[in-house]
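Since the model is a prediction, treat every value here as computed from it, not as a measurement. First the proteins, then the strands, lettered A, B, ... as listed; each starts at 1. Only this structure's heavy atoms are used, side chains among them; waters, hydrogens and symmetry mates stay out.
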Number of protein chains: 2
Amino acid sequence: MSAPITRGQGALHAQLRARLAEQAARLPAGAALPGERQLCELHGVSRVTVREAVGQLVADGVLVRVPGAGTFVAERPARSRLHLASFAEDMRRLGLRPSTVVLEVALTDPPDNTREALVLAPDAQAWHVRRLRLADSEPMSVDDGWYAADVAPDLGDHDLTGSVYTLLGDVYGAVVDRAEQSVRASEADPPTAQLLGLAPGRAVLAFDRVARSGGRPVEHTRSVYRGDRYEVAMSLELGRG
Amino acid sequence: MSAPITRGQGALHAQLRARLAEQAARLPAGAALPGERQLCELHGVSRVTVREAVGQLVADGVLVRVPGAGTFVAERPARSRLHLASFAEDMRRLGLRPSTVVLEVALTDPPDNTREALVLAPDAQAWHVRRLRLADSEPMSVDDGWYAADVAPDLGDHDLTGSVYTLLGDVYGAVVDRAEQSVRASEADPPTAQLLGLAPGRAVLAFDRVARSGGRPVEHTRSVYRGDRYEVAMSLELGRG
DNA sequence: CTGCTTCACTGGTCATGACCGGTCGGACCA
DNA sequence: TGGTCCGACCGGTCATGACCAGTGAAGCAG
């Protein structure tokens with residue numbers, strides 16, 4: 001079980017969460033975890049902390065709680081659930097040929113909401129990568145991504161026509177394993193419309209995403225997809241979505 | 001502030017959550033809520049309960065917590081977390097008052113894609129229910145639903161201002177437990193725009209959903225939400241390895 | 001008036017202890 | 001052998017009390 005959980009290495013529930021995530025990954029789906037009270041004794045923390053850690057993993061779909069029975073590793077058959085995929089993977093899944101035009105790469109002061117999303121210091125800078133994404137040589141989306149400079153110090157020196165997630169994982173050791181995103185419909189502003197080959201005001205699907213690596217936010221992206229070329233598919237289930 | 005929070009009316013945090021959601025919906029965006037300790041005294045509950053209630057509303061995008069400063073009403077629009085729920089339930093979670101105007105109920109020949117989605121015989125008819133959905137008396141969406149006639153033979157005889165899912169479960173024993181949907185951005189056509197109180201061509205979020213009960217498709221819905229009032233949030237995960 | 005310090009207050013975190021209702025397996029009885 | 005009952009154990013909920021770091025405004029010093 002390696003090092004014990006101690007104060008000073010970040011929040012206790014964050015440490016425990018990482019510990020439990022590792023453990024769950026090595027267990028087969030459906031396997032039972034120790035009871036919450038037992039985890040308290042095992043790691044020397046209170047039940048508040050255990051519940052916080054387990055609760056986060058349940059929210060992520062890694063664990064499943066069953067009242068009266070216990071906590072279990074979530075079943076995850078290879079069904080078509082929402083999954084984390086790069087633009088290229090996504091396009092290839094749709095049978096389209098992906099390509100990318102890098103419009104801008106710069107180390108700049110990020111906007112306030114990005115600063116908040118990435119939990120950056122007030123004076124910290126971040127890499128800003130603006131890219132036009134094409135599918136079968138036709139514009140599909142415009143991505144504005146911001147990356148914390150302390151996670152990816154020399155991001156601008158790398159080839160950014162491919163997957164930044166791969167770069168983050170292979171070069172900087174920050175594998176993106178989780179993301180939260182919101183989706184809304186809005187109208188294309190003139191510059192974006194021109195890039196996408198649309199008339200201004202046409203409907204676009206706007207994604208706002210925060211990608212995390214081990215709980216730490218590493219990327220904040222705003223992607224604007226052409227409404228006439230793209231849609232998101234998802235499945236919903238009773239109980240947990 | 002109405003009735004106080006009491007034991008026995010469901011979990012205390014659930015009651016408080018509903019109370020706070022209503023309160024937040026009536027406040028302007030950015031307005032500050034009472035501090036957590038103050039809410040404890042106001043409602044006679046412990047801080048554990050307050051934090052649970054507020055935490056849920058933060059997850060739903062209704063409130064925003066700022067460490068050191070306070071808790072505030074989030075900027076528009078209503079953000080719904082991805083889950084299988086009726087319109088009314090969804091809106092109430094966000095602190096909005098749902099209502100419904102039934103525009104059309106008829107047993108008709110469904111369009112081909114609906115026939116396919118519901119796996120209907122070539123000559124089978126289906127109930128068509130068209131409804132305008134309001135939140136706080138303002139248009140939110142227009143729903144076009146088709147229901148297999150052999151699953152719900154006399155659907156048209158029932159009150160359709162409420163949840164059809166509840167009807168399907170309680171009256172016909174077909175509990176909806178799974179659904180697949182796709183989401184895209186498009187432009188409001190003139191009749192839909194008029195119903196939604198939008199100018200024609202404004203962006204809308206269009207859902208195309210097939211709901212299932214025990215594997216059998218029972219509903220095919222196309223819902224068009226106002227792009228300026230609604231958005232969906234979801235989390236993405238890497239597959240287990 | 002400006003700049004700095006101080007301090008009340010906020011949410012974030014954590015420990016301890018308690019009770020509830022549901023689950024499940026083993027003991028016990030028919 | 002089979003069915004029933006019961007108790008250990010589970011997660012869900014809630015109260016109380018505590019300390020921390022960050023915020024922001026009031027107040028003081030220059």
Side-chain angles (χ1 to χ4, degrees), chain A residues 4-20 24 30-74 112 115-116 118-124 215-217 239-240, chain B residues 4-20 24 30-59 61-74:
Chain A
I5 288 180
T6 57
R7 231 140 180 153
Q9 310 296 315
L12 300 190
H13 63 76
Q15 297 178 51
L16 180 56
R17 179 211 149 105
R19 200 73 62 83
L20 293 177
L33 259 66
E36 295 186 353
R37 279 160 254 252
Q38 207 171 331
L39 288 172
C40 296
E41 290 189 11
L42 278 171
H43 299 95
V45 298
S46 78
R47 201 163 156 222
V48 178
T49 306
V50 169
R51 280 192 63 79
E52 175 68 26
V54 172
Q56 287 181 28
L57 292 173
V58 169
D60 287 353
V62 175
L63 300 179
V64 176
R65 285 205 261 230
V66 180
T71 305
F72 307 88
V73 177
D112 284 347
R115 206 181 285 285
E116 189 179 338
L118 295 180
V119 196
L120 296 178
D123 59 339
R216 171 189 190 158
R240 287 227 87 82
Chain B
I5 289 180
T6 57
R7 228 137 183 158
Q9 312 294 315
L12 300 189
H13 63 76
Q15 298 178 48
L16 180 57
R17 180 214 152 100
R19 200 74 62 86
L20 293 177
L33 258 65
E36 296 185 353
R37 279 160 256 253
Q38 207 171 330
L39 288 173
C40 295
E41 290 188 12
L42 280 171
H43 298 96
V45 296
S46 78
R47 200 162 159 224
V48 178
T49 306
V50 169
R51 280 191 64 77
E52 176 66 27
V54 172
Q56 288 181 28
L57 291 173
V58 168
V62 175
L63 301 179
V64 175
R65 286 204 259 231
V66 180
T71 305
F72 307 88
V73 177

Please state whether the phosphate of D:dG11, meaning OP1 or OP2, lies under 4.0 angstrom from any side-chain nitrogen or oxygen of A:Thr71.
yes
Between atom CG in B:Leu12 and atom C1' in C:dC19, what is the gap in whole Å?
13 Å
For A:Glu116, look at atom CD and say whether over 12 heavy atoms of other residues, nucleotides or ligands are found less than 6.0 Å away.
no
With respect to A:Val73, which candidate in A:Leu33, A:Leu57, A:Val64 satisfies the side-chain contact (heavy atoms from CB on, under 4.5 Å) definition?
A:Leu33
Starting from P on D:dC19, measure out to CZ on B:Arg37 and report it in whole angstrom.
13 Å
Looking at every heavy atom in both A:Arg65 and A:Gly55, which two are closest together, and how far apart are they?
NH2-CA, 3.4 Å
From the list C:dG12, D:dT13, D:dG12, which nucleotide is the closest neighbour of the side chain of B:Pro67?
C:dG12
Over how many whole Å does the gap from B:Leu39 atom CG to C:dC9 atom P extend?
16 Å
Can you figure out which of C:dT13, C:dG11, D:dG12 approaches the side chain of B:Arg65 most closely?
C:dG11
Length of the line joining B:Leu20:CG and C:dG11:P, which is rounded to integer Å:
12 Å
Contact list for DNA chain C against residues 46-55 of chain A - heavy-atom distance below 4.0 Å
A:Ser46, A:Arg47, A:Val48, A:Thr49
To the nearest Å, how far apart are A:Leu63 CG and D:dG11 P?
11 Å
If you define the side chain from C-beta out and look only at heavy atoms, does anything of B:Glu52 sit under 4.5 Å from B:Gln56?
yes
What I'd like to find out is whether the side chain of A:Leu20 reaches to under 4.5 Å of the side chain of A:Leu16, using heavy atoms alone.
yes
Quick one: A:Arg17 CZ to C:dC14 P, roughly how many Å, whole number?
14 Å
What nucleotide among D:dG11, C:dT10, D:dC14 has an atom nearest to a side-chain atom of A:Glu36?
D:dG11
Interatomic distance where CD belongs to A:Gln38 and P belongs to D:dA8 [whole Å]:
17 Å
Round to the nearest Å and state the distance from A:Leu16 atom CG to C:dA15 atom C1'.
15 Å
